[in-house]
Amino acid sequence: MRIATWNVNSVRARLPRLVPWLQERRPDVLLLQETKCQDEQFPREPIEELGYNVEVFGQKTYNGVAILSKSRITDVQRGMRDEVEDKEARVIAATVDDMMLLSVYVVNGQEVGSDAYKYKLEWLARLRKLMWERYIMTEKVVVAGDFNVTFDDRDVHDPAEWHEQILCSTPEREALLRVMDSGLKDAFRKIHEEGGLYTWWDFRTRAFQRNAGLRIDHFLVSPPAYKACTVAEIDVEARKGQGASDHAPVVIEVA
DNA sequence: ATGGTGGATTTTCCA
């Protein structure tokens with residue numbers, strides 16, 4: 001099964017890039033983040049016409065996640081559904097075939113030490129708890145999306161520039177590793193040991209032209225899915241040209 | 001230290 005994740009930075013704005021990408025790449029599943037629209041505004045029809053089932057969890061203006069799948073989507077869960085009130089649409093979970101899937105859009109955090117940063121660390125702790133309480137790691141579990149955290153300096157184009165900055169700070173990296181202590185592993189790193197492979201390039205500094213990127217979009221997968229993972233790639237082509245998102249899609253193949 | 005670009009909604013917030 002081919003599974004992709006893509007922070008599209010508005011599904012409505014990205015539709016002219018998303019539809020041809022789906023036609024060309026034909027993943028079995030696509031997990032979307034930053035759809036940036038309410039559920040009734042989601043452009044379901046052009047995606048359903050390509051043969052995809054669509055499950056969405058959105059809100060006005062910000063955030064928003066979705067699952068597209070050629071196979072039937074069951075057991076859809078929207079939000080963390082824990083004891084904390086959550087006004088933001090950042091996680092949708094479902095089952096497709098023998099796989100438990102989550103599309104997550106982790107809090108950005110703005111700046112180390114800010115209120116948003118504290119919220120980010122708390123949000124990651126809640127995601128960790130969710131993985132321990134609701135998932136069985138002897139099953140195939142795939143948690144993918146925009147984690148807004150690099151694992152280590154291989155994921156950073158200029159480690160000195162980004163040292164202890166947002167997306168790269170030690171507390172964020174430790175919180176990401178704690179999300180995985182139920183047994184999840186970084187599927188991309190199974191296939192690619194080398195650094196210099198990025199999934200996000202800042203619009204503001206025209207970072208893509210300089211390949212000044214970070215790897216912050218990840219596939220965290222349970223041991224059976226990790227073992228079955230044979231391919232992992234970043235579709236840098238999709239980041240090129242007019243009307244691209246600031247993130248590239250990441251695709252894995254799980255036997 | 002600042003601002004650069006892009007999207008949604010609205011002259012500002014978020015990334």
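Within every chain, numbering begins at 1; the chains are lettered A, B, ... in the order of the sequence lines, protein sequences first and strands thereafter.
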| request: Carefully, step by step, assess A/Arg210 and A/Asp158 under the rule salt bridge (Lys or Arg N to Asp or Glu O under 4.0 Å). | output: CA-CA 11 Å; A/Arg210 299 177 286 121; A/Asp158 186 343; over 6 Å; no
| Chi angles and distances behind the side chain to side chain donor-acceptor pair (under 3.5 Å) call for A/Asp217, A/Trp6 | CA-CA 8 Å; A/Asp217 300 85; A/Trp6 195 2; over 6 Å; no
| message | Is there a salt bridge (Lys or Arg N to Asp or Glu O under 4.0 Å) between A/Arg173 and A/Asp153? Walk through the geometry before answering. | response | CA-CA 11 Å; A/Arg173 288 176 174 177; A/Asp153 285 348; 3.3 Å; yes
| field | Residue pair A/Arg204, A/Asp246: steps toward the salt bridge (Lys or Arg N to Asp or Glu O under 4.0 Å) verdict | value | CA-CA 10 Å; A/Arg204 288 169 287 190; A/Asp246 47 350; over 6 Å; no
Give me, pair by pair, the N or O atoms of the protein and of nucleotides 12-15 of chain B that are less than 3.5 Å apart, along with how far apart they are.
unit_1: B/dC13; atom_1: O2; unit_2: A/Tyr62; atom_2: OH; d: 3.3
unit_1: B/dA15; atom_1: OP2; unit_2: A/Gln110; atom_2: NE2; d: 3.3

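For A/Thr205 and A/Lys60, each mapped to the nucleotide of DNA chain B holding its nearest heavy atom, the one lying further toward the 5' end belongs to A/Thr205.
In terms of phosphate contacts, A/Arg206 brings no side-chain nitrogen or oxygen within less than 4.0 Å of OP1 or OP2 of B/dG4. For B/dA8, one of the phosphate oxygens OP1 or OP2 lies less than 4.0 angstrom from a side-chain nitrogen or oxygen of A/Ser10. Applying the 4.0 Å criterion to OP1 and OP2 of B/dG6, one finds that A/Arg239 has every side-chain N and O outside that range.
For residues 5-21 of chain A, no residue pair satisfies the salt bridge (Lys or Arg N to Asp or Glu O under 4.0 Å) rule, not counting sequence neighbours.
Straight-line distance between the P atoms of B/dA15 and B/dT9: roughly 15 Å, to the nearest whole Å. Nucleotides B/dA1 and B/dT12 are separated by 24 Å at their P atoms, to the nearest Å. Taking the P atom of each, B/dT10 and B/dG6 are spaced 22 Å apart, rounded to whole Å. Rounded to whole Å, the separation between the P atoms of B/dT11 and B/dT2 comes to 23 Å.
Screening A/Ile3, A/Leu197, A/Thr199 for a side-chain contact (heavy atoms from CB on, under 4.5 Å) involving A/Val250 leaves a single residue, A/Thr199.
Here A/Asp235 pairs with A/Arg25 under the salt bridge (charged side-chain N to carboxylate O under 4.0 Å, His left out) rule; sequence neighbours left out.
Atom-to-atom, CZ of A/Arg210 to P of B/dT5 comes out at 13 Å; the value is rounded to the nearest Å. Counting to the nearest Å, the C1' atom of B/dT5 and the CD atom of A/Gln209 are 11 Å from each other. Following rounding to the nearest Å, A/Glu111 (CD) and B/dA1 (C1') show an atom-to-atom distance of 12 Å.
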